[in-house]
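Chain identifiers are assigned alphabetically (A, B, ...) following the order of the sequence lines, protein sequences preceding nucleic acid strands; residue numbering begins at 1 within each chain.
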Amino acid sequence: MKKIIEDINEAAADAFEKAGYDRKYARVTLSNRPDLAEYQCNGALAAAKEYHKAPIMIAESVVEEMKKSAIFSSVEAVKPGFINITVTPDYVASYLEKMSHDDELSVNKTTDPKTIIIDYGGANVAKPLHVGHLRSAVIGEAIKRMERRLGNKVIGDVHLGDWGLQMGLIITELQERQPDLPYFDESYTGEYPEEAPFTISELEEIYPCASGKSKTDDSYKARALEATAELQRGRRGYRALWKHIMNVSLADLHKNYSRLNVSFDLWKGESDAQPYIAPMVEKMKKDGYAYMDQGALIVDVAEPDDKKEVPPCMILKSDGASLYTTTDLATIVQREEDYHPDEIIYVVDKRQEMHFIQTFRCARKCGIVGPDMKFTFIGFGTMNGKDGKPFKTREGGVMRLETLIKDIDDEMYKKIVENRSVRDKDAEETAEVVGLSALKYGDLQNQASKDYIFDIDRFTSFEGNTGPYILYTIVRIKSILNKYAEETGIAPDEAGGKIIAASSDAEKKLMLQAGRYNEALEDACAEYAPHRVCAYIYELANDFNSFYHDTKILSEENEERKNSWISEIRLVKDILEDAIDVLGFSAPDRM
RNA sequence: GCGCCUGUAGCUCAGGGGAUAGAGCAACGGUUUCCGGUACCGUGUGGCGGGGGUUCGAAUCCCUCUAGGCGCGCCA
């Protein structure tokens, strides 16, 4: 569906043209003086220079033309040269009427769907998810759904950290503890047990233990490095152990991510990229991009107009081992081969930006991707505690994601139980649904690139710009619709009638905001900015609540009016639910 | 040292060339013949870290200073 703003823009552009000015000046925006108008056009001010006329003269002649359009109830030229625009209630009503019958809620699917790989999550095998993983998961999931909502083909990849020294460390520590396991016996040729010799909680304890030892004990570290190398060379017992580690850990990761309502299409990891490294390196050498420098193999990626020095990309260390960059490049090779993506989006801590600049440049320079493949780096800031410093447990350690989620759910449960109308057996489940909205909305409402302060009291509040407030609004609408269904016997899905012109300012405001959904979503998506979706639905929820407050819907005697209202609030509910689904959470039926 | 990012009401954050800079929280005061008052309405608060510049017009663009955060080839 064409956007409201496009209808207005077009009418304005026609008016500029008829008045003798270039159409390009007819840019219409939401009014920043809502007391004066709904939309505004500042084009006359901009055009003044080119036409050597007073802006107000231009504005007035354009206004004369615009007044001929049927969609405006008022068009005015004011002071220096603003054009203030108000649309007719009938126009808005007919727009919403069309929208309410559109399965896409007026959102336009792209005519040119792109294949997009989105790399987020960044979980490490054998290490529990902690709060540092939260932002990547939450923001990445939202962006994935936003792109999908607009019709792109999006492939989410968790890109596991499943290769390298951490594996060697675990193997070493395991041997320390259970030396008799067959995995360590090189002469063993039989089948290895199907059951892993450890549980997830043991695994989670083993890694930090091993990591600690390796820092103080050099011979221990040497053994871990050797184990890593042997694993990579394919030692049978170690590969079998690695598989166990993967299985146990993946099951746990699946569980935790699904609790966050985050799901990946691909569970690829660094290990999957390994086979691509050798041929990639060979090609880089053969093509003359990679060369030896101080014993390491590097590719220059500096560009002449860099403001700062961009260090070369290191492909192989002087001992011949590969690095982070190498694996990331090989992953790109693999993705090119498997999916030929139009774009790869990385949702990663912003501190890694330099690394990705290097990687992207190197991939392009070496021809791993073509010039049209778009790399997008979305760097997010740190989640801080109330003291403004990186979020920690009370004891000062890294907080596990599970703990954080539980804290929020507990808080939510307390608040829900205070409401006597909810039955206890539902309360726990509801607390989880509402808790997730608190957690995710609390994060997503901020610009991704900035640090933000995690404040459990604020995020779980039903007041203000929070997830629970949005859900409350949805639940409230559902409640009205259910009541209506009880009274009339008409199912909520079929209730309502034709949407007619607004009967109050509050209603018109609500209708205009609802009609902007396509615009809001497309803008947010173009900027990879979930916080814009949050801002939009917050305003929509506010507009609904003020409309609700002074409108008695169910007791309205004018049937046409009442049915229109029912349709409207159902549309508002549908929009809110569609939007929170895009953000990655959902609403309960009651709370 | 070089480079990047951030600095907007007491607090948490929007706004990224245009008209009186906006929300929420906190504070205070109202609203219930009730479709969920975990709501709604109202009141006060800053001139956007400092300074200079471009522009008819700057929180928004440029320069500079300052404070804080972060990054800078053999970690990931």
Side-chain angles (χ1 to χ4, degrees), chain A residues 29 31-33 35-36 40 42 45-46 48-49 54-55 78-82 84 122 124 161 163-166 270 293-299 306-325 327-328 349-355 357-358 379 381-382 384 386 388-390 415-416 418-419 421-422 442 445-447 449-453 455 457-459 461-466 468-469 471-473 475-484 487 506 531-532 534-535 538-539 542 545-556 565-566 569 590-591:
Chain A
T29 57
S31 175
N32 45 31
R33 288 293 303 276
D35 53 321
L36 300 179
Q40 66 179 323
N42 302 338
L45 292 159
K49 201 171 222 169
V78 270
K79 277 190 281 184
F82 297 107
N84 281 336
N124 290 305
W163 205 243
L165 183 59
Q166 52 166 332
E270 293 167 344
D293 183 81
Q294 296 171 42
L297 187 72
I298 64 170
V299 174
D306 283 340
K307 278 190 188 158
K308 65 180 157 182
E309 194 193 329
V310 176
C313 232
M314 186 171 292
I315 307 299
L316 294 177
K317 295 198 287 183
S318 42
D319 67 359
S322 59
L323 296 112
Y324 186 28
T325 310
T327 304
D328 273 345
D349 190 306
K350 69 178 173 192
R351 285 173 292 199
Q352 296 194 40
E353 182 160 16
M354 180 51 88
H355 159 74
I357 288 175
Q358 292 177 286
T382 312
N384 290 330
K386 277 190 189 174
K389 295 186 192 136
K415 295 194 179 181
I416 286 170
E418 281 170 21
N419 181 346
S421 69
V422 174
Q445 116 201 64
N446 301 286
Q447 283 183 48
S449 65
K450 289 199 190 178
D451 294 351
Y452 79 104
I453 293 185
D455 181 340
D457 295 323
R458 191 158 65 82
F459 292 175
S461 170
F462 283 69
E463 289 163 44
N465 191 4
T466 69
Y469 173 75
L471 298 196
Y472 173 78
T473 305
V475 167
R476 193 178 222 183
I477 297 175
K478 285 184 179 178
S479 172
I480 299 171
L481 292 173
N482 285 334
K483 190 107 182 186
Y484 179 82
E487 286 175 5
H531 80 279
R532 305 267 300 245
C534 293
Y538 176 56
E539 223 172 289
N542 272 335
N545 279 317
S546 34
F547 161 74
Y548 164 86
H549 184 259
D550 48 37
T551 311
K552 298 278 170 275
I553 297 169
L554 293 182
S555 52
E556 173 64 34
W565 281 339
I566 293 289
I569 67 172
R590 236 177 310 172
M591 57 194 276

Looking at A14(B), I'd like to know if its phosphate oxygens (OP1 or OP2) sit under 4.0 Å from a side-chain N or O belonging to Y538(A). no
For the base of A14(B), is there a side-chain donor-acceptor partner from Q445(A) under 3.5 Å away? no
C40(B) phosphate, OP1 or OP2: any side-chain N/O from N542(A) under 4.0 angstrom? yes
Which nucleotide in A26(B), U12(B), C74(B) has an atom nearest any side-chain atom of I453(A): U12(B)
Kindly point out which of A19(B), G73(B), U6(B) is positioned nearest to the side chain of I298(A)? G73(B)
Between atom OG of S322(A) and atom CG of D328(A), what is the distance when rounded to the nearest 0.5 Å? 11.0 Å
Any K350(A) side-chain N or O less than 4.0 Å from OP1/OP2 of G69(B): no
Please tell me if H549(A) has a side-chain N or O lying less than 4.0 Å from either OP1 or OP2 of U32(B). no
Could you tell me how the ring of Y472(A) sits relative to the ring of F462(A): parallel (under 30°), tilted (30 to 60°) or perpendicular (over 60°)? perpendicular
Check every atom of A39(B), G18(B), C75(B) against the side chain of Y469(A) and return the nucleotide holding the closest atom. A39(B)
Without swapping roles, check the side chain of Q40(A) against the backbone of F82(A) for a donor-acceptor pair under 3.5 Å. no
Check this for me: does the side-chain of N84(A) come within 3.5 Å of the base of A19(B) through a donor and an acceptor? yes
Stems involving RNA chain B, each a run of at least 3 consecutive Watson-Crick or G-U pairs under 3.5 Å: B:1-7 with B:66-72, B:10-13 with B:22-25, B:27-31 with B:39-43, B:49-53 with B:61-65
Any side-chain donor paired with an acceptor under 3.5 Å for S31(A) and N84(A)? no
So, does the side chain of S318(A) form a donor-acceptor pair with the base of C74(B) at under 3.5 Å? yes
Is there aromatic stacking of F82(A) against A19(B), centre distance under 5.5 Å, plane angle under 30°? yes
